[in-house]
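Notes follow once the structure below has been shown.
Order of listing sets the numbers, starting from 1, for every ligand and every atom in it.
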Amino acid sequence: MSKTESKIVLLATEKPFSASARDQVVAILKDAGHEVRVLEKYPAQAALLDALRSAHAAIVRSDVVDAAALAAAPELALVVRAGAGYDTIDTAAARARGVDVMNTPGQNANAVAELAFGMMTYLCRGKFDGKTGTELRGKTLGVHAVGAVGRALLAIASGYGMKTWGFDPYVDAAAMRSAGAEPVASVEELYERSQFVSLHVPATPETKGSVGKALLGRMPKGAMLVNTARKEVIDEAGLLEVFAERPDFRYASDIAPSDATAAALREKYDARIYLTPAKMGAQTEEANVNAGLAAARQIVAYFATGERRFVVNP
Ligand code: 3PG
């Protein structure tokens with residue numbers, strides 16, 4: 001078998017991996033004979049476009065690979081999103097240019113699930129302000145979309161002793177039960193039954209703005225919505241209405257809402273919200289290593305054998 005031709009691989013992470021994860025990613029690609037260029041914490045999109053100009057493949061996180069970025073990359077064959085959600089990549093424009101897009105599903109799921117539980121505990125304990133809070137044991141948890149993160153969350157929830165419900169039109173009842181959640185018939189029922197709802201839907205045209213007053217208003221007393229998914233899924237006007245009408249409602253999010261919504265939430269409902277200062281879900285050493293190394297290995301296999309597993313824009 002002939003040796004794989006050397007390619008230029010760009011590792012472009014506006015939010016960098018840990019140094020150790022980055023070095024391991026670089027080592028895997030170099031060991032396979034590829035040239036690696038690293039672009040971290042870049043100040044503007046122009047820097048990404050410039051770096052893409054000569055790249056045959058790229059590893060990114062939430063970095064924006066839109067039509068303009070793809071147009072700036074005439075040599076590009078493959079973009080690997082080191083993570084789950086690829087809503088920041090224009091997959092249709094990529095396909096039109098013959099560029100394959102992959103993700104690394106499940107690799108950062110545990111990190112996201114642990115963060116969801118950390119945020120639930122933090123808000124239940126009044127942000128550790130010294131006053132009496134509440135526990136999670138015995139409470140009801142609805143998992144809105146049961147993919148890799150949802151399943152990791154359910155595994156943790158069983159240790160907490162929570163009663164768990166799941167809704168996912170793509171997961172059948174048997175698979176839902178084996179993941180640890182009792183299936184519900186509709187998304188409305190999920191919110192009606194759950195004191196806590198953890199969101200894990202991707203941002204798609206169908207899901208954008210889909211979680212608002214009509215669903216949140218159904219939640220039982222002492223409700224908390226936990227968002228480690230995407231901000232676009234939330235109908236922010238509806239969220240603010242729910243806060244105005246329900247003094248019991250709480251919201252924890254790893255993804256900042258729009259500036260205006262964040263300011264309104266902070267000004268009026270600060271005790272009932274928690275917004276991470278930066279998107280933290282996948283920011284653990286383990287998740288950086290898992291997702292980064294998976295991405296590097298997928299690129300090596302793609303150029304060596306044409307392996308197309310994990311292509312999301314076939
Ligand atoms: C994902 O989709 O994998 C998560 O949202 C993590 O995103 P990040 O790599 O930009 O932190």
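Atom NZ of K268 sits in a sparse spot, with 12 or fewer heavy atoms from other residues, nucleotides or ligands closer than 6.0 Å. Shown here is F243, whose CZ atom has more than 12 heavy atoms of other residues, nucleotides or ligands within 6.0 Å. Counting heavy-atom neighbours within 6.0 Å of D172 CG, excluding the residue itself, gives a total above 12.
Residue nearest to atom 7 (O) of ligand 1, selected from Q107, K279, M280: K279 (by heavy-atom distance). Nearest to atom 8 (P) of ligand 1 by heavy atom, out of A229, A109, P105, S62, is S62. Evaluated by nearest non-hydrogen atom to atom 1 (C) of ligand 1, the leading choice among R81, R61, E14, K15 is R81.
At least one heavy atom of R230 sits less than 4.0 Å from an atom of ligand 1.
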Give the intermediate values and the outcome of side chain to side chain contact (heavy atoms under 4.5 Å, CB included) for residues L29 and I59. CA-CA 11 Å; L29 293 163; I59 298 175; 4.2 Å; yes

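Among the atoms of G83, none of the N or O lies under 3.5 angstrom from an N or O of ligand 1. Close N/O approach between A282 and ligand 1 is not found [any backbone or side-chain N/O within under 3.5 Å].
The NZ atom of K213 sits 10.5 Å away from the CG atom of D235 when rounded to the nearest 0.5 Å.
Listed by atom number, the atoms of ligand 1 under 4.0 Å from N108 heavy atoms are 1 (C), 3 (O), 6 (C).
T228 and D254 share no side-chain donor-acceptor pair at under 3.5 Å. Residues T13 and R22 have side chains that never bring a donor and an acceptor to within less than 3.5 angstrom of each other.
Looking at Q283 against ligand 1, nothing comes within 4.0 Å, counting heavy atoms. With a heavy-atom cut-off of 4.0 Å, N103 does not touch ligand 1 at all.
Closest to atom 3 (O) of ligand 1, if we only count protein heavy atoms, is A84 N, 2.6 Å.
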